[in-house]
Chemist: 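Pasting a structure below so you can have a look.
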Amino acid sequence: MSWINFRSPAVYIILATHPSIRKFRKTDSWLFGTRWFYDAGKSEQQAIFVIQPSRASGSVRTVSYDTRTMNSASVKTGCYGYYAYKVDAAGVVQASFCTKLFPTWMYDLRTHTSKFRIRDLFIPGTHDSASYNDGSVNPNTFVNRYALTQDDSIWQQLLRGVRYLDLRVGYEKSMNPQFWTAHGVVRWRPLVNDLEQIRKFAKETREIIILDLHQFEYGLDNSAIHDQLIEVFHKTLSDVLVSPSIGWNGKLQDIWASGRNVILTYNYIEVVKKYPTFVWPPVEQKWPNVRDITRLHSYLTDIHRQLAANRTSPQPIADMAEFTPTVLGTLTGMDPDLRKMADEVNPRISEWYFGEFCSTANVVAVDFLQGTSIVDAAIHCNLKRVPRK
C-alpha cells in the first residue's frame with residue numbers, strides 16, 4: 001500500500017475486505033493491543049491492517065495477497081478484493097479507496113489522447129511478462145527465485161492496465177508445441193496459451209497493446225525457425241494485429257480507426273524487413289543493469305534528460321525499471337532474489353514516475369507489477385500532458 005501527499009497526522013489508513021464502510025470501532029486491551037472493527041452486515045469483522053502514516057508520502061507491506069480475488073475479474077471489473085479507508089481518531093471514514101482494475105483506461109482517455117503517438121503516451125508495462133506463477137510453479141526453488149517476475153497471468157496484467165508486454169520465447173525442436181514462453185533457460189508454458197489471453201483481451205476491449213518480442217531465449221538460431229514463429233503469431237493473432245504501415249508517427253486515433261489493436265514488435269531486423277506488413281520495428285529498451293537504488297535513479301535521470309531534449313523522435317523508449325542480478329550473484333545466491341529486489345525498488349519507482357519522470361516517461365516495464373502504482377501514475381501523467389485550452 002502506498003500514499004502520497006498525506007498530511008493528516010491524526011488520521012489512520014485502514015485496510016479491509018468489504019466496501020462502503022462508514023465507521024470503524026477502536027478497541028484497546030493489554031492482551032490484543034489496539035484493534036479496529038467494522039460492521040460487515042451479518043457480523044462484525046476486524047480490519048486486516050492499520051497504519052498511522054508518519055510521512056506525507058510512503059509505502060508499506062500489508063498482507064499476503066490472495067490471488068483468488070482475481071478469479072472472477074473481467075473487463076467490466078472496477079474495484080475488487082481490498083479496500084483502504086482514511087479514518088479519523090474517532091473511527092469515522094473520511095475517504096475510501098480500492099484495489100482497482102483499469103481494463104479500458106486507454107480508450108477511456110481517447111478524447112484527451114487520440115492525437116498522441118505511442119511515443120507521446122506514458123504506457124505501463126511488465127518485464128518478462130510471461131514469467132508468472134499460474135499456480136503450478138513453486139516460487140521458492142533456487143531457480144524460480146531468479147526466474148519469476150510477475151504474480152499475474154497475461155490476462156490479469158492486461159486487466160490491471162498493462163499495455164506493454166515484454167515477451168521472451170524459446171524453441172524446443174523435439175516437443176509439441178515447439179514454441180514456449182521462457183526466461184533464460186527456464187521454460188514456462190506453450191506460447192499460444194499466452195497469445196490466446198492477449199487475443200481475448202484485444203477482442204473484448206479497444207485497448208492498444210504493444211507485444212514486444214525483444215529477446216529470444218534459446219533455440220531460435222536460424223531464419224527458418226523465426227519464420228515458423230511468425231506463422232504462430234499469424235495463426236493466433238492475425239485478426240487483431242495493427243498494420244505497420246501506420247508507423248510510429250501514427251496517432252492513437254489511426255490505430256483505433258484500423259479496427260485492430262495489437263502492435264507486434266520484433267527485435268530481429270531481418271524478420272522486420274521480411275514481414276513489413278505484419279511486424280513492427282522493435283521498441284528501444286533501456287537497461288540500467290544495476291543493483292543499487294542510487295545508480296538506478298542516476299541512470300533513469302540521464303535517460304529522461306535525453307527524452308526531454310528529443311521529444312520529436314517517434315521511436316518508443318522502454319525504461320526497464322528494475323534491478324538486475326549479476327550472473328555470479330545468481331549462481332552463488334549472493335544477490336537477493338527478484339522479488340526481494342522488486343520490494344526494494346518498486347516503491348521508489350512509483351514515487352519517481354508520479355513525480356520527476358511524469359512528463360517524459362514513455363514505456364515503463366517493472367517486475368512484480370502489484371508492488372508499484374505505475375498504472376495509476378500513467379493515467380495521472382497522461383492527463384497532465386493534455387494541452388490546456
Chemist: What do you reckon, are the aromatic ring centroids of Phe216 and Tyr266 less than 6.0 Å apart?
Modeler: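 Yes.
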
Chemist: Got Trp155 and Val75 here, is their nearest side-chain heavy-atom distance under 4.5 Å?
Modeler: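 With C-beta onward as the side chain, the pair touches.
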
Chemist: Locate the shortest heavy-atom distance separating Val93 from Ile21; write the atom from each residue and the value.
Modeler: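 Of all heavy-atom pairs spanning Val93 and Ile21, the closest is CG2-O, 3.4 Å.
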
Chemist: Run Arg199 and Glu196 through salt bridge (Lys or Arg N to Asp or Glu O under 4.0 Å) and show every step you take.
Modeler: CA-CA 5 Å; Arg199 182 178 182 275; Glu196 286 168 356; over 6 Å; no

Chemist: May I ask you to check whether Asn289 and Tyr299 show a side-chain donor-acceptor distance below 3.5 Å?
Modeler: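 There is no such pair (donor and acceptor under 3.5 Å, judged by atom type) between the side chains of Asn289 and Tyr299.
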
Chemist: Examine distances only and state if a side-chain atom of Ser238 and a backbone atom of His234 form a donor-acceptor pair shorter than 3.5 Å.
Modeler: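 Yes, Ser238 side chain to His234 backbone: donor-acceptor pair under 3.5 Å.
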
Chemist: Are Ser43 and Gln45 close enough that a side-chain donor and a side-chain acceptor fall under 3.5 Å?
Modeler: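 Yes, side-chain donor-acceptor contact under 3.5 Å.
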
Chemist: Taking atom types as modelled, find out whether Glu322 and Asn346 have a side-chain donor-acceptor pair closer than 3.5 angstrom.
Modeler: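 No, no side-chain donor-acceptor pair sits under 3.5 Å.
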
Chemist: Determine the interplanar angle of the Phe354 and His380 rings, folded into 0 to 90°, and report it as parallel if under 30°, tilted if 30 to 60°, perpendicular if over 60°.
Modeler: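 The rings of Phe354 and His380 sit tilted, inter-plane angle from 30° to 60°.
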
Chemist: Hey, is Glu204 close enough to Lys76 for a salt bridge, meaning N to O under 4.0 Å?
Modeler: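 Judged by the 4.0 Å cut-off on N to carboxylate O distance, Glu204 and Lys76 do not form a salt bridge.
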
Chemist: Is a donor on one side and an acceptor on the other found under 3.5 Å between the side chain of Gln157 and the backbone of Ser129?
Modeler: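 Yes, the answer is positive, given that a donor and an acceptor are paired below the 3.5 Å cut-off.
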
Chemist: Can the ring centres of Trp36 and Tyr12 be said to be less than 6.0 Å apart?
Modeler: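 Yes, ring centres under 6.0 Å apart.
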
Chemist: So do Asp152 and Gln370 actually touch side chain to side chain, heavy atoms under 4.5 Å?
Modeler: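 Answer yes - side chains close enough.
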
Chemist: Among the clusters formed by ILVMFWY side chains lying less than 4.5 Å apart, do Leu338 and Val186 turn up in the same one?
Modeler: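 Leu338 and Val186: separate clusters.
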
Chemist: More than 12 heavy atoms of other residues, nucleotides or ligands under 6.0 Å from NE2 of His18: yes or no?
Modeler: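 Atom NE2 in His18 is crowded, with more than 12 foreign heavy atoms closer than 6.0 Å.
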
Chemist: What are the two closest heavy atoms between Lys286 and Glu284, and how far apart are they?
Modeler: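 That closest heavy-atom pairing would be NZ-OE2, 2.7 Å.
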
Chemist: Hey, is Asp254 close enough to Lys251 for a salt bridge, meaning N to O under 4.0 Å?
Modeler: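 Answer for the salt bridge query: no.
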
Chemist: Restricting to salt bridge (charged side-chain N to carboxylate O under 4.0 Å, His left out), what partner residues turn up for Asp120, sequence neighbours left out?
Modeler: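 Counting only residues at least two positions away or on another chain, Asp120 forms a salt bridge (charged side-chain N to carboxylate O under 4.0 Å, His left out) with Arg117.
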
Chemist: Are Phe201 and Leu252 joined in one hydrophobic group, where the rule is that I, L, V, M, F, W and Y side chains link up if heavy atoms are under 4.5 Å apart?
Modeler: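 They do share one cluster, since a chain of ILVMFWY contacts under 4.5 Å joins Phe201 to Leu252.
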
Chemist: Would you find a donor on one side and an acceptor on the other, under 3.5 Å apart, between the side chain of Arg206 and the backbone of Trp256?
Modeler: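 Confirmed, Arg206 side chain pairs with Trp256 backbone.
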
Chemist: Looking at every non-hydrogen atom in both residues, tell me the closest pair between His226 and Leu220 and how far apart they are.
Modeler: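 Minimum heavy-atom separation between His226 and Leu220: NE2-O, 3.5 Å.
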
Chemist: Is it the case that more than 12 heavy atoms not belonging to Lys23 sit under 6.0 Å from its NZ atom?
Modeler: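 Yes, NZ of Lys23 has more than 12 neighbouring heavy atoms, counting only those of other groups under 6.0 Å.
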
Chemist: Apply side-chain contact (heavy atoms from CB on, under 4.5 Å) to residues Lys26 and Phe37 and explain how you reach the verdict.
Modeler: CA-CA 6 Å; Lys26 180 182 176 182; Phe37 294 88; over 6 Å; no

Chemist: Is the Tyr171 to Trp180 ring centre distance short of 6.0 Å?
Modeler: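 No - the distance between ring centres of Tyr171 and Trp180 does not fall below the 6.0 Å cut-off.
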
Chemist: Say whether, by atom type as modelled, one donor and one acceptor occur between the side chain of Thr99 and the main chain of Tyr82 under 3.5 angstrom.
Modeler: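 The answer is yes, because a donor-acceptor pair under 3.5 Å joins these two groups.
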
Chemist: Which pair of non-hydrogen atoms, one from Val283 and one from Ala318, has the smallest distance, and what is that distance?
Modeler: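 Of all heavy-atom pairs spanning Val283 and Ala318, the closest is CG1-CB, 3.8 Å.
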
Chemist: Would you check if Trp188 and Ser131 make a side-chain contact, meaning some heavy-atom pair closer than 4.5 Å?
Modeler: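 Counting from C-beta outward, Trp188 and Ser131 do come under 4.5 Å.
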
Chemist: Tell me if a side-chain donor or acceptor on Gln178 pairs with a main-chain N or O of Lys173 at a distance below 3.5 Å.
Modeler: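 Yes: the side chain of Gln178 pairs with the backbone of Lys173.
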
Chemist: Is there side-chain contact between Arg110 and Lys115, with heavy atoms separated by less than 4.5 Å?
Modeler: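 The answer is no, as the side chains (C-beta and beyond) never meet within the 4.5 Å cut-off.
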
Chemist: In terms of hydrophobic clustering (I, L, V, M, F, W, Y; side-chain heavy atoms under 4.5 Å; direct or indirect links), are Phe278 and Leu195 co-clustered?
Modeler: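 They do share one cluster, since a chain of ILVMFWY contacts under 4.5 Å joins Phe278 to Leu195.
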
Chemist: Whether the Glu356 and His297 side chains hold a donor-acceptor pair (N or O, under 3.5 Å, no angle test) is what I'd like checked.
Modeler: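 Note: Glu356 and His297 side chains meet the donor-acceptor criterion.
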
Chemist: Using only heavy-atom distances, determine whether the side chains of Asp194 and Tyr132 contain a donor-acceptor pair under 3.5 Å.
Modeler: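 Yes, a side-chain donor-acceptor pair sits under 3.5 Å.
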
Chemist: Can you hop from Leu165 to Ile208 via hydrophobic side chains spaced under 4.5 Å?
Modeler: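 Yes: a chain of side-chain contacts under 4.5 Å links Leu165 to Ile208.
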
Chemist: Any sub-3.5 Å donor-acceptor pair from Asp151's side-chain atoms to Asn133's backbone N or O?
Modeler: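 No, Asp151 side chain to Asn133 backbone: no donor-acceptor pair under 3.5 Å.
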
Chemist: Kindly check if the number of other-residue, nucleotide or ligand heavy atoms within 6.0 Å of CZ (Arg35) is above 12?
Modeler: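 More than 12 heavy atoms, drawn from other residues, nucleotides or ligands, come within 6.0 Å of this atom.
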
Chemist: Examine the side chains of Thr34 and Asp28 and answer whether a donor and an acceptor come within less than 3.5 Å of each other.
Modeler: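 Yes, Asp28 and Thr34 have a side-chain donor paired with an acceptor closer than 3.5 Å.
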
Chemist: Tell me whether the rings of His304 and Phe357 are parallel (<30°), tilted (30 to 60°) or perpendicular (>60°).
Modeler: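 Because their plane-to-plane angle is under 30°, the rings of His304 and Phe357 count as parallel.
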
Chemist: Tell me if a side-chain donor or acceptor on Tyr218 pairs with a main-chain N or O of Val169 at a distance below 3.5 Å.
Modeler: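 It does not hold such a pair.
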
Chemist: Side chains of Ile123 and Val364: does their closest heavy-atom pair fall under 4.5 Å?
Modeler: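 The answer is no, as the side chains (C-beta and beyond) never meet within the 4.5 Å cut-off.
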
Chemist: Just by distance, no angles: are the side chains of Thr141 and Asn144 close enough, under 3.5 Å, to form a donor-acceptor pair?
Modeler: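 Their side chains do contain a donor-acceptor pair, which is all the 3.5 Å distance test asks for.
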
Chemist: Without swapping roles, check the side chain of Thr326 against the backbone of Gly329 for a donor-acceptor pair under 3.5 Å.
Modeler: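 Yes, because the side chain of Thr326 sits within donor-acceptor range (under 3.5 Å) of the backbone of Gly329.
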
Chemist: For Arg68, does the CZ atom have more than 12 heavy-atom neighbours from other residues, nucleotides or ligands under 6.0 Å away?
Modeler: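 12 or below, so no.
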
Chemist: Are any of the side-chain heavy atoms of Phe368 and Thr372 separated by less than 4.5 Å?
Modeler: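 No. Closest side-chain heavy atoms not under 4.5 Å.
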
Chemist: For the CZ atom on Arg25, are there more than 12 heavy atoms of other groups (residues, nucleotides or ligands in this structure) within a distance under 6.0 Å?
Modeler: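 More than 12 within 6.0 Å, yes.
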
Chemist: Out of curiosity, Asp367 CG to Asp128 CG, how far, rounded to the nearest 0.5 Å?
Modeler: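 Reported to 0.5 Å precision, the distance equals 7.5 Å.
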
Chemist: Please tell me if the side chains of Thr149 and Thr126 come closer than 4.5 Å, counting only heavy atoms from C-beta onward.
Modeler: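 Heavy-atom side-chain distance check fails, nothing below 4.5 Å.
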
Chemist: Compare every heavy atom of Leu167 with every heavy atom of Leu211, then report the nearest pair and how far apart it is.
Modeler: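 Reported closest heavy-atom pair: CD1-CD2, 3.6 Å.
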
Chemist: If you compare all heavy atoms of Tyr107 against all heavy atoms of Glu207, which two are closest, and at what distance to 0.1 Å?
Modeler: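 Of all heavy-atom pairs spanning Tyr107 and Glu207, the closest is N-OE2, 2.8 Å.
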
Chemist: Determine, using ring centers only, whether Phe97 and Tyr83 are less than 6.0 Å apart.
Modeler: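 No - the distance between ring centres of Tyr83 and Phe97 does not fall below the 6.0 Å cut-off.
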
Chemist: Is the backbone N or O of Ala202 less than 3.5 Å from a side-chain atom of Asn261, with the two atoms forming a donor-acceptor pair by type?
Modeler: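 Looks like yes, one N/O pair under 3.5 Å.
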
Chemist: Report yes or no: does Arg339 contribute a side-chain atom to a donor-acceptor pair with the main-chain N or O of Gln150 at less than 3.5 Å?
Modeler: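 No; judged by distance alone, with no hydrogens or angles, the pair does not exist.
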
Chemist: Is there a path from Tyr65 to Leu15 through hydrophobic residues (I, L, V, M, F, W, Y) whose side chains come within less than 4.5 Å of each other?
Modeler: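 In one cluster: yes.
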
